[in-house]
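The structure appears below as structure tokens.
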Amino acid sequence: TYTVDGVVTTEPITLTEGENLIQKEVSDDAGNITHVSWNVTLDSIAPVAALTSPLVTNNNTYILIYTVDGRAVTEDPITLLEGENVITKEFIDDAGNRASVIWNITLDTIAPIVALTSSNLTNQSAYALTYTVDGVVTTEPITLTEGENLIQKEVSDDAGNITPVSWNVTLDSIAPIVSLTSPTLTNIPAYTLTYTVDGVVRNETIALTEGENTITKEFTDAAGNRTPVSWTVTLDSIAPVAALTSPLVTNNNTYTLIYT
């Protein structure tokens, strides 16, 4: 639509997407000619809006930043509530195209909950450290040294909240030291077996049979180290048999007593 000396003229034209160059030659009744050239832009594409500020934050004062057709826009700070916050916006470009967006912004001010799930006592130096972060299992290989090992970590979530943790994991690869302290020879069938395990005294009552008795046991400590032992305890409940072998009658006042 255009005017020629104030008179409105309308023509249908099919445009293509983008800029369209329209050139015309207009003449009046006297033969005067005017050349015109117009650029008419067809924009049928809705604005493209993209969020560039983070979807998860631990700061309740939030600055919403986004681009509209590549142009950066920063809005005044908004106050978020803990959890998910729904932000809806509508954009209209110069051609009248509309775009509606919904962004879910999560405010998370709670530090991650971290819990050790692997054992804090092991007999393996190649240790699989296993723990959960907000219920999600994580495993890391760690090489331990004999004794207590202090493991310190700092765990952060997507919102930037940080939880420091400190765990003591003990490597005990030494088998229990077991020593028999009760006698290995007795004349009492009801025998009290006494021994120490890593210095701790233990007692058990065992019924022996005449002669040699083999006692086998296996000891396992809390770390899973094993020590097998075998002890021989002899029961001798038979009194000695004594027999005289020198003569019962002699004429020599110097007598040699002989017996078995």
Side-chain angles (χ1 to χ4, degrees), residues 113-133 135-155 163-260:
I113 298 173
V114 185
L116 181 68
T117 55
S118 52
S119 174
N120 59 5
L121 176 62
T122 180
N123 60 359
Q124 299 294 320
S125 60
Y127 176 71
L129 177 69
T130 305
Y131 55 94
T132 59
V133 180
V136 179
V137 177
T138 300
T139 300
E140 299 176 24
I142 292 180
T143 301
L144 302 177
T145 57
E146 190 71 25
E148 193 173 84
N149 295 259
L150 176 62
I151 300 172
Q152 293 177 308
K153 296 188 74 65
E154 198 172 80
V155 182
T163 299
V165 293
S166 179
W167 298 309
N168 287 312
V169 178
T170 299
L171 170 62
D172 175 9
S173 61
I174 301 170
I177 298 172
V178 184
S179 298
L180 180 67
T181 55
S182 52
T184 57
L185 177 63
T186 181
N187 62 353
I188 301 173
Y191 175 71
T192 300
L193 179 69
T194 305
Y195 53 92
T196 60
V197 181
D198 288 335
V200 178
V201 177
R202 297 184 185 181
N203 294 294
E204 297 178 29
T205 301
I206 295 179
L208 301 178
T209 58
E210 192 69 27
E212 277 192 354
N213 295 261
T214 301
I215 301 170
T216 58
K217 299 185 76 66
E218 186 175 71
F219 300 90
T220 306
D221 62 18
N225 302 297
R226 298 174 182 271
T227 299
V229 294
S230 179
W231 296 311
T232 300
V233 178
T234 300
L235 171 62
D236 180 3
S237 61
I238 301 171
V241 177
L244 182 67
T245 56
S246 54
L248 291 172
V249 178
T250 182
N251 59 0
N252 189 342
N253 67 344
T254 302
Y255 180 75
T256 300
L257 181 68
I258 304 172
Y259 58 91
T260 60

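Here the straight-line distance linking atom CG of Asn187 with atom CG of Leu235 works out to 7.5 Å at 0.5 Å rounding. Taken from CD1 in Ile142 to CG in Asn149, the straight-line distance is 8.5 Å, to the nearest 0.5 Å. Once rounded to the nearest 0.5 Å, the distance linking CG of Leu144 with CD1 of Ile151 reads 6.0 Å. Rounding to the nearest 0.5 angstrom, the gap separating the CG atom in Asn225 from the OG1 atom in Thr122 is 9.0 Å. Thr194 OG1 to Arg202 CZ: the interatomic distance, rounded to the nearest 0.5 Å, is 12.5 Å. Atom CG in Leu185 sits 12.0 Å away from atom OG1 in Thr232 (nearest 0.5 Å).
Residue pairs meeting the ring pair (Phe, Tyr, Trp, His ring centres under 6.0 Å) criterion with at least one partner in residues 237-257, sequence neighbours excluded, do not occur; the list is empty. Residue pairs meeting the ring pair (Phe, Tyr, Trp, His ring centres under 6.0 Å) criterion with at least one partner in residues 213-252, sequence neighbours excluded, are Tyr195-Phe219, Tyr195-Trp231. Sorted by first then second residue, the side chain to side chain donor-acceptor pair (under 3.5 Å) pairs that include residues 167-184, not counting sequence neighbours, are Glu146-Ser173, Ser182-Tyr191.
The environment of Ile177 atom CD1 is sparse: at most 12 non-hydrogen atoms of other residues, nucleotides or ligands sit within 6.0 angstrom. Residue Glu204 places its CD atom among more than 12 non-hydrogen atoms of other residues, nucleotides or ligands, all under 6.0 Å distant.
The backbone N or O of Thr196 sits nowhere less than 3.5 Å from a side-chain atom of Asp198 that would complete a donor-acceptor pair. At distances below 3.5 Å, at least one donor-acceptor pair connects side-chain atoms of Tyr127 with backbone N or O atoms of Ser119. Proximity of a side-chain donor or acceptor of Ser118 to a complementary backbone N or O of Thr130 within less than 3.5 Å is detected. Although no hydrogens or angles enter the test, the distance criterion places a donor-acceptor pair under 3.5 Å between the side chain of Asn213 and the main chain of Gly211.
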Self-check item: Test side chain to side chain contact (heavy atoms under 4.5 Å, CB included) applied to Ser246 and Thr256, step by step
Solution: CA-CA 7 Å; Ser246 54; Thr256 300; over 6 Å; no

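With sequence neighbours excluded, the residues forming a side-chain contact (heavy atoms from CB on, under 4.5 Å) with Glu154 are Ile162, listed by chain and number. Legend: residues meeting side-chain contact (heavy atoms from CB on, under 4.5 Å) with Thr143, ordered by chain and number and at least two apart, are absent. Every residue meeting the side-chain hydrogen bond (donor to acceptor under 3.5 Å, both in side chains) condition with Arg226, not counting sequence neighbours, appears here in chain and number order: Glu218, Thr220.
Looking at heavy atoms from C-beta onward, Leu193 lies in side-chain contact with Lys217 at the 4.5 angstrom threshold. Here the side chains of Pro176 and Asp221 are in contact, with some heavy-atom distance below 4.5 Å. Proximity of Thr216 to Pro228: side-chain heavy atoms (C-beta onward) are nowhere separated by under 4.5 Å. Side chains of Ile113 and Thr163 form no contact here, defined as non-hydrogen atoms less than 4.5 Å apart.
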